[in-house]
Amino acid sequence: MPTQEKTESVEDLKRRLSGVKTVLLAEYRGLTVQQLSDLRRQLRSASAEYKVVKNRLAKLALSDSLAGMKSLLKGPTGMILSKDDPVAVAKVLHTFARTNQALVIKAGYVEGQMLEPAGLKALADLPSKEAIRGQIVGAIQGPLAQLVGLLQAPQRELVYVLSQRGKDAEQNSAGA
């Protein structure tokens with residue numbers, strides 16, 4: 001018989017899961033309270049939240065689109081949820097996991113796709129959205145700047161030739 005507290009917990013988790021782009025599962029066995037607090041703080045800076053979940057209640061809260069994650073809900077599990085950039089979340093998580101070997105990333109659901117830990121590592125290695133946008137702008141801007149230079153070259157050369165011709169004429173008239 002479900003208690004009121006458990007029902008509210010499932011409903012709260014369902015509410016948190018609605019509209020998320022990223023859901024990652026991690027095993028936190030062996031991490032201290034201080035390390036978990038550090039992880040939460042770092043994830044907050046990436047617009048994500050870390051929630052320790054009871055596996056049985058999490059299985060009830062997961063929707064059909066996240067059903068593939070139900071089999072991974074074993075042992076002490078933490079859920080990382082984000083409605084923003086999944087790359088930033090993956091970067092924070094992998095940076096933390098490098099320094100804290102006890103954190104084990106199980107799998108993730110990123111914008112409609114289930115990813116294994118290797119896929120999440122590849123996602124963490126991607127540049128940020130801002131860096132990609134900068135690269136695209138640079139790739140577009142470079143050829144356009146060259147085109148403008150090429151289009152201005154004939155006029156610039158004509159001005160140079162006329163200027164040189166005027167100087168030669170002055171020297172010839174001054175010498176005569």
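Please read all numbers here as calculations on a predicted model, not as lab measurements.
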Please determine whether the number of non-hydrogen atoms from other residues, nucleotides or ligands lying under 6.0 Å from atom [atom1] of [X] exceeds 12.
| X | atom1 | result |
| --- | --- | --- |
| Q155 | CD | yes |
| R15 | CZ | yes |
| Q141 | CD | no |

Inter-residue atom distance [X].[atom1] - [Y].[atom2], 0.5 Å rounding:
| X | Y | atom1 | atom2 | value |
| --- | --- | --- | --- | --- |
| L158 | R165 | CG | CZ | 12.5 Å |
| T99 | Q35 | OG1 | CD | 8.0 Å |
| Y109 | L24 | OH | CG | 12.0 Å |
| E157 | L162 | CD | CG | 11.5 Å |

Can you tell me if [X] uses its side chain to pair, donor with acceptor, with the backbone of [Y] under 3.5 Å?
| X | Y | answer |
| --- | --- | --- |
| D12 | E8 | no |
| S163 | V159 | no |
| D85 | V87 | yes |
| K54 | T77 | no |

Closest heavy-atom contact between [X] and [Y]?
| X | Y | result |
| --- | --- | --- |
| N55 | G75 | ND2-O, 2.9 Å |
| Y50 | R40 | O-NE, 3.5 Å |
| A58 | L13 | CA-CD2, 3.7 Å |
| A46 | V89 | O-CG2, 4.0 Å |
| S82 | S47 | OG-O, 3.2 Å |
| V20 | K83 | CA-CG, 3.9 Å |

Flag side-chain contact, heavy atom, 4.5 Å: [X] against [Y]:
| X | Y | result |
| --- | --- | --- |
| V23 | M79 | yes |
| L81 | T22 | no |
| R16 | K51 | yes |
| I136 | I132 | yes |

Inter- and intrachain pairs under salt bridge (charged side-chain N to carboxylate O under 4.0 Å, His left out), touching residues 28-38, at least two apart = E27-R29, D38-R41
Test [X] against every option in [options] by the side chain to side chain contact (heavy atoms under 4.5 Å, CB included) rule and name the one that passes.
| X | options | result |
| --- | --- | --- |
| Y28 | V104, V52, L39 | V52 |
| Q34 | T32, L36, L31 | T32 |
| I105 | H94, K121, E116 | H94 |

L25/L73 under side chain to side chain contact (heavy atoms under 4.5 Å, CB included): CA gap, chis, key distance, verdict = CA-CA 8 Å; L25 296 178; L73 291 168; 4.1 Å; yes
Applying side chain to side chain contact (heavy atoms under 4.5 Å, CB included), run through K21 and E111 and close with a yes or a no.
-> CA-CA 5 Å; K21 287 185 178 181; E111 295 186 356; 3.5 Å; yes
Tell me, with the steps shown, if V148 and Q152 meet side chain to side chain contact (heavy atoms under 4.5 Å, CB included).
-> CA-CA 6 Å; V148 168; Q152 290 176 344; 3.8 Å; yes
Among the clusters formed by ILVMFWY side chains lying less than 4.5 Å apart, do V33 and L103 turn up in the same one?
-> no
